[in-house]
Amino acid sequence: MEKLVDLISSAVSQAFADAGYDPSFGRASVSNRPDLCQFQCNGAMPAARRYRKAPMQIAQDVADILQPCRLFEKVDAASPGFLNLDVDDGALAGYLTEMRGAERFGVPLDPSPRTIVIDYGGPNVAKPLHVGHLRSAIIGESVKRIDRFFGNRVIGDIHLGDWGLQMGLIIAEVRRRQPDLPYFDDGFTGEYPAQPPFTISELEEIYPAASQRAKEDAAFAQAAHDATYQLQHGHRGCRAMWRHIMDVSVADLKRNYHSLNVDFDVWYGESDAQPFIPPMLERLQAQSLTRESGGAVVVDVQEPDDTKEMPPCILIKSDGATLYATTDLATLVQRERDFRPDKVLYVVDKRQSLHFEQVFRAARKTGIVRPETELQFLGFGTMNGKDGKPFKTREGGVMRLERLIAEVTEFVRRKTAENQLVDAGETDDTAGLIALAALKYGDLSNLATKDYVFDLDRFSAFEGNTGPYILYTIVRIKSILAKYDGDLAAAAITPPVNAPQRELMLALTRFADSLALAYRDSAPNVLCAYIYELSGCANKFYHETRILTEPDASRRAGFAALIDLTQSVLETCIDLLGFSAPDKM
Ligand code: ARG
């Protein structure tokens, strides 16, 4: 379906042409003076310069031609040469009826869909998920859903941090505690036990303990390094122990991401990229794309027109170890082989922007990605506490994601129970949905690159620019529609009977524009702003219109069809944001 503003533009352009002017002056836009008109065209001003005429004269010529057009209720030429336009109420109703019947509300698919890998989540195995991982998961999930809506083939990859010293630390600490396990017996040739020698809570205690011990005990630090080396060189016992760490940790991560309504298509990790490192390095060295620098192997990525210094991308340290950048480059090799992506999007803390700039440049320079492959870094800001510092627990420690979700849910549950909003038996499920909306909308409604303050009271309020407010609007519509006596499927949207209804209808016509913008900029915040506006219109319409008690059956059906479309649009949007609405609240 064409956007309403485009239909209007075509009509106005045609009128410019019919009046003897260049049709390209006929571009219309949503009015920035909604008190005066719904749409406007400012083309008469530039046309006046081209044709050396008074702008008002041109506007009037065009207005005279547009006047009889059935699309418009009102066409005014206004000084000094604006065209102020209102759409005909019947045409508006017709447009929405078509939108309600169309697949995907008539939003066209991307005419050239791409294969897009989204690298998000990025948790580190054996370390508890903390709020720092929250933003990546929430934003990445929404961008993935939006990209998919437009027909792209999207692969969400969690890119686990499952390699390197952190693993060696854990293995060394387990060995210190349970030295008799067969994994540490080099003479052992049998089958290792299927059961891991630790639980997830033990594992989460082991990692910080090991990392602390390594700082204080040089021998232990060495043991951890040795274990890392052994793991990376295929030591059987270390590999088996690593497998256990992975299994226990990944099961826990899956549970956590599930509770966030976040899911990944592939669960690859840094470890999966390792086999690609040696051949990659070999090729780059053979093609002289690398340079030696103080014992290290690097790729220069400084470019002549750089205004700031761009340090070289280090692939091998002087001690022979490979780095974070090496793994990211090898991951691109792997992705090229597996998916041949047209675009790779990284949703990572913006403090890593230099790293990605280096990786992207190195990947281009070395031909690891094709020239046409788009590499994009979506760096997000920090979630702060009310003190303006990165969000912490009340005791000042790192806030575990699980605990944060539990606290938000409990807060909402108490509120829901106090207000007796739903039956006691449903309180928990409802609270879970509201909490998720509060948390996600609170995050997504901000520009991703900005820091924001996590404010539980504000995020979970039922009024204002919040997730629960959007859910509340949907729930209210559901309850009205449940009482509607007619056949909703057969109901047709009718011309508006009052201003709030017209506003709501116009807001619905803007869905495609907002969604397209959110897609173009990978910006879920645009969608949040849209549903906040749409919800405001829906509530105003509800307050000023007797919907169910309207005596005229055709009007009543028109109202029902309109709020039904509103509900579908809102639910589609929140699904794209990654949360959903309860039936009651
Ligand atoms: N695991 C990393 C961290 O916690 C994030 C990974 C981001 N993705 C990537 N391809 N480097 O900092």
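Note that ligands are numbered from 1 as they come in the structure, with each ligand's atoms numbered from 1 the same way.
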Just wondering, do Leu527 and Leu515 contact through their side chains at under 4.5 Å, heavy atoms?
yes
Could you tell me whether the side chains of Thr115 and Arg153 share a donor-acceptor contact shorter than 3.5 Å?
yes
Given the options Gln352, Glu270, His355, Tyr324 meets side chain to side chain donor-acceptor pair (under 3.5 Å) only with Gln352
Close residues, ligand 1: non-hydrogen atom nearer than 4.0 Å:
Asp119, Gly122, Asn124, His133, His159, Tyr324, Asp328, Tyr346, Val348, Gln352, Phe356
Correct closest heavy-atom pair for Gly578 and Asn261 would be O-ND2, 3.1 Å
Just to verify, what does Arg177 make a side-chain contact (heavy atoms from CB on, under 4.5 Å) with, not counting sequence neighbours?
Glu173, Glu205, Ile206, Ala209
The residue among Phe360, Tyr120, Phe377 that forms ring-ring contact (aromatic ring centres under 6.0 Å, His included) with Tyr346 is Phe360
